[in-house]
Protein chains: 2
Amino acid sequence: MLLNVDLSDQRPVYQQLRDQVVEAIADGVIHEGNRLPTTRQLAADLAVNFHTVAKAYDLLRQEGFIQVSRKTGTAVRITGEGPAPEWRAGLRTVLAEAFAKGMPKEEILAACREVLDSFGASRRTDGSLA
Amino acid sequence: MLLNVDLSDQRPVYQQLRDQVVEAIADGVIHEGNRLPTTRQLAADLAVNFHTVAKAYDLLRQEGFIQVSRKTGTAVRITGEGPAPEWRAGLRTVLAEAFAKGMPKEEILAACREVLDSFGASRRTDGSLA
DNA sequence: CCAATTGATCTATAAAAGATATAACAAAGG
DNA sequence: CCTTTGTTATATCTTTTATAGATCAATTGG
C-alpha cells in the first residue's frame, strides 16, 4: 500500500500521512492529476478515523500539494511556487543536527545528493497507482 | 541573547530551545566545553517555567549534545558518532517538501550548500558566550 | 428517480502532550 | 549554615490528537 500508519512513530498520524504523500510526490509514485482515496476509504484501509485522514488532506490542501473537489474528488495538484517560506529554517535545523554531531560537511552534502537522486526514480507514464 | 522563545511558533517551547542549541553548536557560537545557563536562570531570562527548560536540556542530553553534571553544571559535550539513525528520514522529508513543490534539484542542493557554508563561521577562540 | 457515496461541518468525548506551579530533597559551594 | 542547583514528585490547566456519531448538500451510478 502507498500509505501506512506506524503507531510507534512519534509523529501524529495525520502528520505521517501528510509526510508520506509529500514523499510519494517527490518519488514520482504519484503525480499531478492522480487521485487520492476518499477520506472514508483510506480511513477504513488504515483502520483510523476518517477525521484524521481529513485533517491530513486539509493540511496538504493548505500547503498546495493537492486539490479537493466535490466533483472530481481529491487529486494531486501543486499550487504556488516552490516550498513554503519557513522551509529553509527546517532545512537548517536538520542539517545542523548532523553537523553538530560531527558529520563532515562533504558527507552531509553527499547524503543530500543521494536523497535527491532517489526522487523521481519511480515515475510512471500511465496513470496507475500500483 | 543566544536563546529566545517565539510564542507564535508552532513548535513547543522545549523543542525551540533544543533546535536553537543544536544550531548554535553547528554555527560554532557554542562549542565543546561551553557551559549553558542553569535551568532556573534560563527559565527566568526567557520567562518560561524551569521545567520546560529542563525538558529541553534532558532532550539534548539524550541526543548526545550536552552533558549534565551536578558538580560542573551543564556543558556542551558531543557523544556518539554522527546523527541519530532516524536523521536520514527527516532529511528526506524536508528535501521532498521542496522537490514536490517543483524546486529544481540543483537549487535544493545549492540551498543545502549555503546552509552548510554558514556553519562554523561564528567560531570563537576564547570561551566567551557573548 | 432513487440509493449510495462523498466532502463538509458540527458536537462530544477521551487520551496524550505541553506548560505552569509548588514543594521537597540531596549535593555542592561559599 | 545557607544558597544554589539538579532532580523528583504532584497537581492543575490548556491545547493537541484521535475517535465517534450525526447531519447535510451535492454528486454519482444504477
Side-chain angles (χ1 to χ4, degrees), chain A residues 2-22 33-77 79 86 93 129, chain B residues 3-22 33-77 79 86 90 93 129:
Chain A
L2 181 63
L3 303 171
N4 65 315
V5 169
D6 179 8
L7 293 180
S8 71
D9 196 310
Q10 69 287 357
R11 290 171 299 172
V13 175
Y14 77 90
Q15 182 75 45
Q16 293 182 39
L17 297 179
R18 178 270 182 192
D19 289 350
Q20 288 173 24
V21 170
V22 173
N34 279 145
R35 289 176 53 182
L36 296 181
T38 67
T39 55
R40 285 176 173 87
Q41 181 60 55
L42 183 54
D45 291 348
L46 301 175
V48 298
N49 193 274
F50 80 94
H51 285 116
T52 303
V53 176
K55 188 169 183 176
Y57 278 13
D58 193 58
L59 183 56
L60 287 163
R61 182 190 56 77
Q62 286 179 34
E63 295 180 311
F65 290 110
I66 65 176
Q67 200 174 25
V68 180
S69 165
R70 200 180 285 253
K71 294 191 178 187
T72 58
T74 302
V76 177
R77 172 154 187 89
T79 62
E86 323 83 63
T93 301
L129 276 187
Chain B
L3 303 171
N4 64 316
V5 170
D6 179 7
L7 294 179
S8 71
D9 196 311
Q10 69 288 356
R11 289 171 301 171
V13 174
Y14 78 90
Q15 182 77 45
Q16 292 182 39
L17 297 178
R18 178 269 183 192
D19 288 351
Q20 287 173 24
V21 169
V22 173
N34 279 146
R35 289 176 54 184
L36 296 181
T38 66
T39 55
R40 285 176 173 88
Q41 181 60 54
L42 183 55
D45 291 348
L46 301 175
V48 298
N49 193 272
F50 80 95
H51 284 116
T52 304
V53 177
K55 188 168 182 176
Y57 278 13
D58 193 57
L59 184 56
L60 287 163
R61 182 189 57 76
Q62 287 179 33
E63 295 179 311
F65 289 110
I66 65 176
Q67 199 173 26
V68 180
S69 165
R70 199 181 285 250
K71 294 191 178 189
T72 57
T74 302
V76 176
R77 173 156 186 87
T79 62
E86 322 83 64
T93 301
L129 278 186

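Per chain, numbering begins at 1; letters A, B, ... match sequence-line order.
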Chemist: Could you tell me which non-hydrogen atom of Ala56(B) sits nearest to which non-hydrogen atom of Arg18(B), and how far apart they are?
Modeler: CB-N, 4.4 Å

Chemist: Measure from the side-chain heavy atoms of Pro12(B) and tell me the nearest of dT17(D), dT7(D), dG18(C).
Modeler: dG18(C)

Chemist: For the residue pair Leu42(B) and Tyr57(B), what are the closest heavy atoms and their distance?
Modeler: CD2-OH, 3.5 Å

Chemist: If only side-chain N and O atoms of Tyr14(A) are considered, is one of them under 4.0 Å from the OP1 or OP2 phosphate oxygen of dT17(D)?
Modeler: yes

Chemist: Give the minimum heavy-atom separation between Leu17(A) and Asn4(A), together with the two atoms involved.
Modeler: CD2-O, 4.3 Å

Chemist: Restricting to non-hydrogen atoms, name the atom on Asp19(A) and the atom on Arg11(A) that form the minimum distance, rounded to 0.1 Å.
Modeler: OD2-NH1, 2.6 Å

Chemist: If you round to the nearest 0.5 Å, how far is NZ of Lys55(A) from CG of Leu59(A)?
Modeler: 9.0 Å

Chemist: Indicate for each nucleotide in nucleotides 19-30 of chain D, in 5' to 3' sequence, whether protein heavy atoms under 4.0 Å reach the base (B), only the sugar-phosphate (S), or nothing (-).
Modeler: BBBBB-BSSS--

Chemist: Looking at CG of Leu36(B) and CG of Leu3(B), how far apart are the two atoms once the value is rounded to the nearest 0.5 Å?
Modeler: 7.5 Å

Chemist: Before accepting this row, confirm whether a basic side-chain N of the pair Arg61(B)/Asp58(B) lies closer than 4.0 Å to the acidic partner's carboxylate O.
Modeler: yes

Chemist: Quantify the bending of the helix from dC1(C)-dG30(D) to dG30(C)-dC1(D) as the angle between its end axes, each fitted on five pairs, to 10°.
Modeler: 30°

Chemist: Closest heavy-atom contact between Gln16(B) and Asp9(B)?
Modeler: NE2-CB, 3.2 Å

